[in-house]
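Shown next, in structure tokens, is the structure this report addresses.
These numbers come from the heavy atoms of this one structure, side chains and all, not from hydrogens, waters or symmetry mates. Please read these numbers as outputs of a predicted model, since none were measured by experiment.
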Amino acid sequence: HVLIYCNTSIVKIDFGVFVTKYYAFMIDDDLFEVSVIKKAHNTFDYQLRHQVTTAIIPPYRIVVDTERKAKKIIFISLGFIALLLAGIGLYFII
């Protein structure tokens, strides 16, 4: 069985591996590849390759950045409205 995890999350899982297999996965902007290579007498060897891919932005990063911008705009808008209402309230009180 093959179980690849990073920190506290499972990245890849594969049960019943009896032949040579390759697993690719992304961590942040970096591409990793784990090779599980079958040797003689049903023994296995593994290799980890790391390829930096800084030019590629994964789709989930775009979504996270968009959500952060939307939240920032909402909070700024709410702050502006609160200041506007406070100013109007002071105008009518004075």
Side-chain angles (χ1 to χ4, degrees):
H1 305 301
V2 175
L3 175 67
I4 303 170
Y5 65 94
C6 179
N7 294 335
T8 59
S9 61
I10 296 174
V11 178
K12 293 281 182 181
I13 187 166
D14 192 6
F15 296 106
V17 178
F18 300 107
V19 294
T20 299
K21 287 200 172 183
Y22 303 94
Y23 304 94
F25 54 92
M26 298 285 292
I27 298 177
D28 291 330
D29 294 339
D30 298 334
L31 176 65
F32 290 87
E33 181 183 76
V34 173
S35 305
V36 179
I37 303 165
K38 185 175 181 180
K39 299 280 187 172
H41 307 294
N42 286 332
T43 59
F44 288 86
D45 192 14
Y46 69 92
Q47 295 177 348
L48 176 65
R49 288 185 356 169
H50 173 238
Q51 299 172 349
V52 179
T53 56
T54 54
I56 299 173
I57 300 174
Y60 71 87
R61 290 288 294 270
I62 295 170
V63 171
V64 169
D65 290 342
T66 305
E67 288 176 356
R68 285 184 185 158
K69 287 179 184 176
K71 286 180 183 178
K72 187 176 181 181
I73 290 170
I74 289 170
F75 285 126
I76 290 172
S77 300
L78 289 175
F80 178 74
I81 291 171
L83 287 173
L84 184 65
L85 290 176
I88 292 172
L90 286 174
Y91 176 77
F92 285 114
I93 291 174
I94 298 176

Check: About how many Å separate CG of Asp45 and OG1 of Thr20, when rounded to the nearest 0.5 Å?
Finding: 10.0 Å
Notebook entry, point to check: Going hydrophobic residue to hydrophobic residue with side-chain gaps under 4.5 angstrom, can you get from Val2 over to Phe25?
Noted result: yes
Check: Side-chain heavy atoms under 4.5 angstrom apart, residues restricted to Ile, Leu, Val, Met, Phe, Trp, Tyr: same cluster for Tyr46 and Leu3?
Finding: no
Next item on the list: Measure the CD1-CG distance between Ile88 and Leu84 for me, rounded to the nearest 0.5 Å.
Entry: 4.0 Å
Note to self: Distance check, rounded to the nearest 0.5 Å: Asn42 atom CG versus Phe18 atom CZ?
What the structure shows: 9.0 Å
Margin query: For the CD1 atom on Ile10, are there more than 12 heavy atoms of other groups (residues, nucleotides or ligands in this structure) within a distance under 6.0 Å?
Written below: no
Next item on the list: Check whether any side-chain heavy atom of Ile4 lies under 4.5 Å from a side-chain heavy atom of Tyr23, and answer yes or no.
Entry: yes
Item checked: Heavy-atom pair with the smallest gap, counting every atom of Ala24 and Leu31 -> CB-CD1, 4.4 Å
Notebook entry, point to check: Should we count CZ of Phe44 as having more than 12 external heavy atoms under 6.0 Å?
Noted result: yes
Check: Is there a donor-acceptor pair closer than 3.5 Å between any side-chain N or O of His1 and the backbone N or O of Gly16?
Finding: yes
Note to self: How long is the straight-line distance from CD of Glu33 back to CD of Gln47, given to the nearest 0.5 Å?
What the structure shows: 9.0 Å
Checklist line | Close side-chain approach of Leu48 to Phe32, heavy-atom, < 4.5 Å | finding: yes
Note to self: For Tyr22, is there any backbone N or O sitting under 3.5 Å from a side-chain donor or acceptor partner on Ser35?
What the structure shows: no
